[in-house]
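In what follows, a structure is listed as structure tokens, so that the remarks can point back to it.
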Amino acid sequence: MTTAPEPPGDVPLPTGSTSPDVGGATDVWHRVHFISPLVRGWIALVAILYFVGRDWFEGLFATETRGRNPLPEGVGLLVAVGILVGVVVVIAAIFLVSWYFTRYQVTAEHVRVHSGVVFRQQRQARLDRVQAIDIVQPFLARIFGLAELKFEVADAGESAVRLAFLKLDDARKLRATILARAAGVVPDPEHPEEIVEAPEREVVAIPPARVIGAAVLSGTTIALVVAVVVVITLGIVFETPIIATSFIPILIGVVGAYWSALNTGYNFRAATSPDGIRVRYGLLDTRAQTVPPGRVQALSIIQSPLWRLKGWYRVTVNVAGYGLSASTEGQARATLLPVGTRDEVLQILALVLPDPGTPRPVEVFTAGMTGRDGVEGFVTTPRRARWLAPLAWRRNGFAVTGTAVLMRSGVLWRQLVVVPHERTQSLSIEQGPVDRRFHVSNLQFQTTPGPVNPRVLLADTATAWELFHGQAARAAEARRHGGPEQWMKPVPRGSAVAGATSRSIGDGPADGAASASPQHLTAEEDESSNEVPSEFVHEVDPTVVPGPGARLEDELEPEVMPDVPRYVPATTSEDAADGHR
């Protein structure tokens with residue numbers, strides 16, 4: 001985030017209408033919807049009315065004041081109404097001034113928002129650094145047909161830009177405009193206002209019954225049962241009566257957790273489109289997220305003990321900008337699949353990692369989710385260190401494919417973490433005194449802040465060092481051949497040969513690749529990282545834009561909309577050959 005200079009005094013502002021011409025050729029300044037302050041500050045308004053009218057309302061029902069004038073002595077009805085009207089006018093004036101000084105601008109490279117009256121705030125975000133775009137509709141905003149637009153950048157969870165509120169259609173058009181410019185799509189010079197939303201294909205839809213069942217079988221239910229048993233046991237042991245009020249805090253927490261699971265998982269839809277992965281969910285408050293390709297830094301697949309009965313999993317991600325927020329909203333934003341079957345998890349994985357880097361993706365990822373020991377090439381904790389993790393030593397392990405590192409752990413709460421090679425920012429090895437005694441080490445992968453914590457637990461020390469050096473080399477190589485920041489921008493044919501070099505753990509680093517910070521590249525290497533081989537790029541003519549009245553599918557589908565990536569199980573013949581070997 002950078003600070004933008006104050007706009008010149010002759011910056012053109014729209015007059016007469018608050019609907020932005022987001023697709024226009026000129027980068028003008030626009031204002032949000034004029035009732036936005038009311039939608040944002042209605043809670044404060046209700047609080048003021050509550051404190052002002054509480055005594056008057058209680059006086060209507062009090063026995064000692066019944067029949068008397070509820071107004072203070074010496075204050076007439078007209079004076080009271082005048083005071084109330086004055087307060088409303090002052091609040092409305094504050095809202096109006098706040099709305100007048102809030103304006104935004106979208107250029108070919110940046111999105112800027114200026115706000116504030118006394119304390120001025122100016123925010124600017126580069127379009128090619130946008131990590132995700134969310135359209136949020138709180139319940140009151142839905143009533144008025146408004147929506148809030150959030151642009152996330154790599155700033156540890158703080159929203160670089162928040163536009164609250166716009167008309168829903170305007171918010172969708174603005175999102176399409178920003179994603180198109182961020183992707184490198186050049187609009188038709190003759191019709192710059194013709195901005196259309198990219199098509200999408202739905203890949204996962206969660207039925208409401210499963211969301212309810214997942215909430216009932218979640219860890220909240222386990223915590224509720226344990227809490228009730230503890231309260232009853234303490235009452236019996238100390239021979240004290242069990243007071244019903246003892247369960248009130250427990251019930252409040254449990255009801256809140258159940259409501260959060262239902263509100264964030266209800267009506268969940270995941271789709272793929274050229275501008276990224278689209279996720280929609282919400283019961284009262286609805287949210288539509290768009291995560292552009294390659295913005296997912298790490299992915300985690302978790303299965304709780306009770307979910308194992310139904311074969312359900314939860315998928316969370318680290319995305320730059322979402323941060324480590326512990327709030328319900330922050331956790332929901334970092335969730336790509338709140339509850340799904342194995343096949344749905346593999347489908348989400350295919351969207352995040354279209355090239356798994358192995359000819360047996362279904363078998364490898366399934367071994368990571370449910371397997372143990374050395375199945376499908378996983379390297380586990382050595383037997384000599386089983387006393388450090390008596391239950392999990394056969395589960396803890398890692399595997400390396402041509403495009404990602406897989407780390408699995410946990411026995412009761414199973415977890416599989418996937419980190420693409422090009423998203424490895426840095427590595428560190430940790431070894432305590434007990435670990436040294438058993439010749440094992442822990443390898444920590446540093447990514448952007450988020451709920452996913454990639455770690456290889458209790459690996460053989462020599463193997464951990466081989467992974468340490470080898471992963472640094474693989475990450476640097478993958479970054480050289482990674483996709484461009486503007487993922488829809490045409491790439492000249494004949495670019496560098498693609499694909500991160502697949503190395504086994506025993507290969508070790510290339511010459512001079514012992515550094516554990518693969519993101520530090522030379523200027524030449526950094527420029528070459530934007531070169532992508534033609535066979536991995538959907539080339540699009542930037543001058544071709546759907547004309548007025550054209551069907552979006554007819555114009556974009558053949559050239560822009562790729563097929564939905566899916567993982568295919570290994571063939572029976574391959575399995576038979578593996579069995580013979």
Inset, instruction - Taking atom types as modelled, find out whether Tyr313 and Glu344 have a side-chain donor-acceptor pair closer than 3.5 angstrom. - result: no
Legend entry - Parallel, tilted or perpendicular: ring planes of Trp312 versus Trp307, cut at 30 and 60 degrees: perpendicular
Legend entry - Glu148 (side chain) donor-acceptor with Gln137 (main chain) under 3.5 angstrom: no
Legend entry - Asn318 versus Thr447, side-chain donor and acceptor atoms under 3.5 Å: yes
Inset, instruction - State which residue, out of Lys150, Arg162, Arg287, fulfils the salt bridge (Lys or Arg N to Asp or Glu O under 4.0 Å) condition with Asp134. - result: Arg287
Inset, instruction - Taking Ser260 for its side chain and Gly256 for its backbone only, find out whether a donor-acceptor pair lies under 3.5 Å. - result: no
Inset, instruction - Hey, could you give me the CG/OG1 distance between Leu353 and Thr403, rounded to the nearest 0.5 Å? - result: 4.0 Å
Inset, instruction - Spell out, as yes or no, whether a donor-acceptor pair under 3.5 Å connects the side chain of Arg474 to the backbone of Val405. - result: no
Inset, instruction - Please answer whether the main-chain N or O of Ser304 pairs with a side-chain N or O of Arg314 as donor and acceptor at a distance below 3.5 Å. - result: no
Legend entry - Under 3.5 Å: donor-acceptor pair, side chain of Asn267, backbone of Arg280: no
Inset, instruction - State whether the number of non-hydrogen atoms from other residues, nucleotides or ligands found under 6.0 Å of Arg436 atom CZ is greater than 12. - result: yes
Legend entry - No-hydrogen, no-angle side-chain donor-acceptor test under 3.5 Å, Arg455 and Ser409: no
Inset, instruction - May I ask you to decide if Met369's main-chain N or O and Gln303's side chain share a donor-acceptor pair within less than 3.5 Å? - result: no
Inset, instruction - Go through Thr316 and Leu299 one step at a time and tell me if the side chain to side chain contact (heavy atoms under 4.5 Å, CB included) criterion holds. - result: CA-CA 6 Å; Thr316 58; Leu299 178 145; over 6 Å; no
Inset, instruction - Could you tell me the separation between the CD1 atom of Ile135 and the CG atom of Leu149, rounded to the nearest 0.5 Å? - result: 5.5 Å
Inset, instruction - Look at the side chain of Thr358 and the backbone N and O of Thr401, then say whether any donor-acceptor pair between them is shorter than 3.5 Å. - result: no
Inset, instruction - Side-chain contact test, heavy atoms from C-beta onward, threshold under 4.5 Å: evaluate it for Arg395 versus Arg414 and give yes or no. - result: yes
Inset, instruction - Would you kindly say whether Thr448 and Gln297 are connected by a side-chain donor-acceptor distance under 3.5 Å? - result: no
Inset, instruction - Verify, without hydrogens or angle tests, whether Arg308 (side chain) and Leu412 (backbone) share a donor-acceptor contact under 3.5 angstrom. - result: yes
Inset, instruction - Consider only side-chain N and O atoms of Arg372 and Thr380, and report whether a donor and an acceptor are under 3.5 Å apart. - result: no
Inset, instruction - Mark yes or no for whether Arg386, through its side chain, and Arg383, through its backbone, hold a donor-acceptor pair below 3.5 Å. - result: yes
Inset, instruction - Decide, yes or no, whether a salt bridge links Asp460 with Arg384 under the criterion of side-chain N to carboxylate O below 4.0 Å. - result: yes
Inset, instruction - Answer whether the closest heavy-atom distance between the side chains of Pro338 and Val211 falls below 4.5 Å. - result: no
Legend entry - Approximate separation, where rounding is to 0.5 Å, of Met407 CE and Leu443 CG: 8.0 Å
Inset, instruction - Report yes or no: do Tyr258 and Ser218 form a side-chain donor-acceptor pair below 3.5 Å? - result: no
Legend entry - Steps toward side chain to side chain contact (heavy atoms under 4.5 Å, CB included) verdict (Arg333, Val319): CA-CA 9 Å; Arg333 295 168 69 193; Val319 175; over 6 Å; no
Inset, instruction - With side chain to side chain contact (heavy atoms under 4.5 Å, CB included) as the test, would you mind laying out the steps for Leu349 and Ile301 before giving the verdict? - result: CA-CA 10 Å; Leu349 269 171; Ile301 304 168; 3.7 Å; yes
Inset, instruction - Spell out, as yes or no, whether a donor-acceptor pair under 3.5 Å connects the side chain of Glu363 to the backbone of Pro569. - result: no
Inset, instruction - Please examine the side chains of Leu351 and Val203, heavy atoms only from C-beta on, and report whether any two atoms are closer than 4.5 Å. - result: yes
